[in-house]
Amino acid sequence: MPELPDVENFRRYMEQHAMKQVVSEVRVTDDRILADISADQLQERMAGNQFVSTRRHGKYLLAKMSSGGWAVFHFGMTGFFVYGASADVYPKHARAVFTFEDGHFLAFDCQRLLGRLTWTDTGEDYIASQKLGPDALELDFKSFADKVAGARTMVKSALMNQERVAGIGNVYSDEILFQARIHPKTTISRLDEDRLEHLYQALRDVLETAIECEAVPEKFPADYLLPHRSEGDACPVCGGRIQKIKISGRTAYMCEKCQT
DNA sequence: AGTACCACCTGACGGC
DNA sequence: TGCCGTCAGGTGGTAC
């Protein structure tokens, strides 16, 4: 479930492996992965160019090419990258593969096809066109209080709304609320200043910690909910049972004793 | 401005 | 053994 920390990880992976090499071919093996562009157009725009820089906004990864345009990746729920040598086999659900002149490749694997690959001439325009709010890690407390906490909706829904703040999905909203000890069904506009500040701090801490842990559940601190996201599991803080509830159709995991 | 529900998509899993 | 329903979840659409 790629959310902000996972995508930040993919961005670093791409920086580490795929930069400053000429793309010789773009092979799209399932064009349902494409949005608003054809495989031919993508090939035309990318072949002969290099990735020169990357940026991330929320759950979107944008990779600038030497031609000046940007390849845009959204990972849906099952997307990830694999960089490999020419002799390596592509990952099982590779939907698009960029081959470099030296024979190495960067594959965009996306089992459930909920991810997207597209193209934009201007990064800023793309972010605006998707109506994305500020990236969750670039949001100061004041904007958070205005943009997110002004909503007359449940706090979990507000955190997950990409127009309010970009980058938080189902899993990390649960973690943030667990760390802040706030019940996910609380109406966010009814939190007092103290609890709101607590929530904001938890948001930052959780996302930064998750990035440090490379979004690998086993590396998370002992008091994190994430490795215990299953009904009836023991709460890592109080030992009580983790509950599974539905919030606007989404599954939320929480500890009723810790979160009020 | 909210909520609720559906569709997209694949694969794992439980029930029978 | 296999078939069928359900679920996972990011996003986007529609109806209320």
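Owing to the predicted nature of the structure, the values given are computational and were not obtained by experimental measurement. Order of the sequence lines sets the chain letters (A, B, ...), proteins ahead of strands, with each chain counted from 1.
Residue A:Ser248 places its side chain closer to B:dA4 than to any other of B:dT10, C:dT11, B:dA4. Looking at the side chain of A:Gln130, the nearest of the listed nucleotides C:dG12, B:dG2, C:dA8 is C:dG12. Distances were taken from every side-chain heavy atom of A:Tyr60 (C-beta onward) to each of B:dT3, C:dG10, C:dG12; the shortest belongs to C:dG12. Taking every side-chain heavy atom of A:Thr251 into account, C:dA8 is the closest of B:dG11, C:dA8, C:dG10. Proximity note for A:Arg164 (side chain, C-beta onward) versus B:dT10, B:dA4, B:dG2: the nearest is B:dG2. The nucleotide whose nearest atom lies closest to any side-chain atom of A:Asn170 is, among B:dG11, C:dG10, C:dT11, C:dG10. Comparing C:dA8, B:dT10, B:dG2 by their nearest atom to the side chain of A:Tyr253 picks out C:dA8. Ranking B:dG2, B:dC9, C:dG10 by closeness to the A:Leu113 side chain, first place goes to B:dC9. The listed nucleotides are C:dT11, B:dG11, B:dA4; the one nearest the side chain of A:Gln162 is C:dT11. The side chain of A:His93 lies closest to B:dG11, out of C:dA8, B:dG11, C:dT11.
Spacing between atom NZ of A:Lys156 and atom P of B:dG2 amounts to 18 Å, rounded to whole angstrom units. Rounded to an integer number of Å, the gap from CD1 of A:Ile245 to C1' of C:dA8 is 17 Å. Rounded to whole angstrom, the span from the CD atom of A:Gln111 across to the P atom of B:dA12 amounts to 7 Å. Atom pair A:Lys131:NZ and C:dG10:C1' shows a separation of 17 Å (rounding to whole Å applied). Atom CE in A:Met77 sits roughly 15 Å away from atom C1' in B:dA7 (whole-Å rounding). Counting to the nearest Å, the C1' atom of C:dG10 and the CZ atom of A:Phe10 are 13 Å from each other. Look at CD on A:Glu163: it is 11 Å from P on C:dT11, rounded to the nearest Å. Rounded to a whole Å, the NZ atom of A:Lys185 is 12 Å from the C1' atom of B:dT3.
Residue A:Lys59 places at least one side-chain N or O under 4.0 Å from the OP1 or OP2 atom of C:dT11. Remark: A:Lys246 is not in phosphate contact with B:dT3, judged by side-chain N or O atoms under 4.0 Å from OP1 or OP2. When the side-chain nitrogen and oxygen atoms of A:Arg250 are compared with OP1 and OP2 of C:dG10, one or more of them lie within a distance under 4.0 Å. The shortest distance between the side-chain N/O atoms of A:Arg112 and the OP1/OP2 oxygens of B:dA7 is not below 4.0 Å.
A:Val22 is not connected to A:Phe100 by any chain of hydrophobic side-chain contacts under 4.5 Å among Ile, Leu, Val, Met, Phe, Trp and Tyr, and they are in different clusters.
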Could you check A:Phe75 against A:Phe81 for ring-ring contact (aromatic ring centres under 6.0 Å, His included), going step by step and ending with a plain yes or no? CA-CA 9 Å; A:Phe75 297 87; A:Phe81 285 141; 5.3 Å; yes
Evaluate salt bridge (charged side-chain N to carboxylate O under 4.0 Å, His left out) for A:Glu214 paired with A:Lys219, printing each intermediate quantity in order. CA-CA 8 Å; A:Glu214 296 162 305; A:Lys219 296 187 185 174; 2.5 Å; yes
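Counting any heavy atom pair closer than 4.0 Å across all strands shown, A:Gly76 reaches sugar-phosphate atoms only and no base atom.
Here the shortest heavy-atom pairing between A:Met65 and A:Phe51 reads CE-N, 3.8 Å.
Side-chain atoms of A:Asp109 never come within 3.5 Å of backbone atoms of A:Val82 as a donor-acceptor pair (strictly under, hydrogens ignored).
Between A:Leu113 and A:Arg95 there is a side-chain heavy-atom pair separated by less than 4.5 Å.
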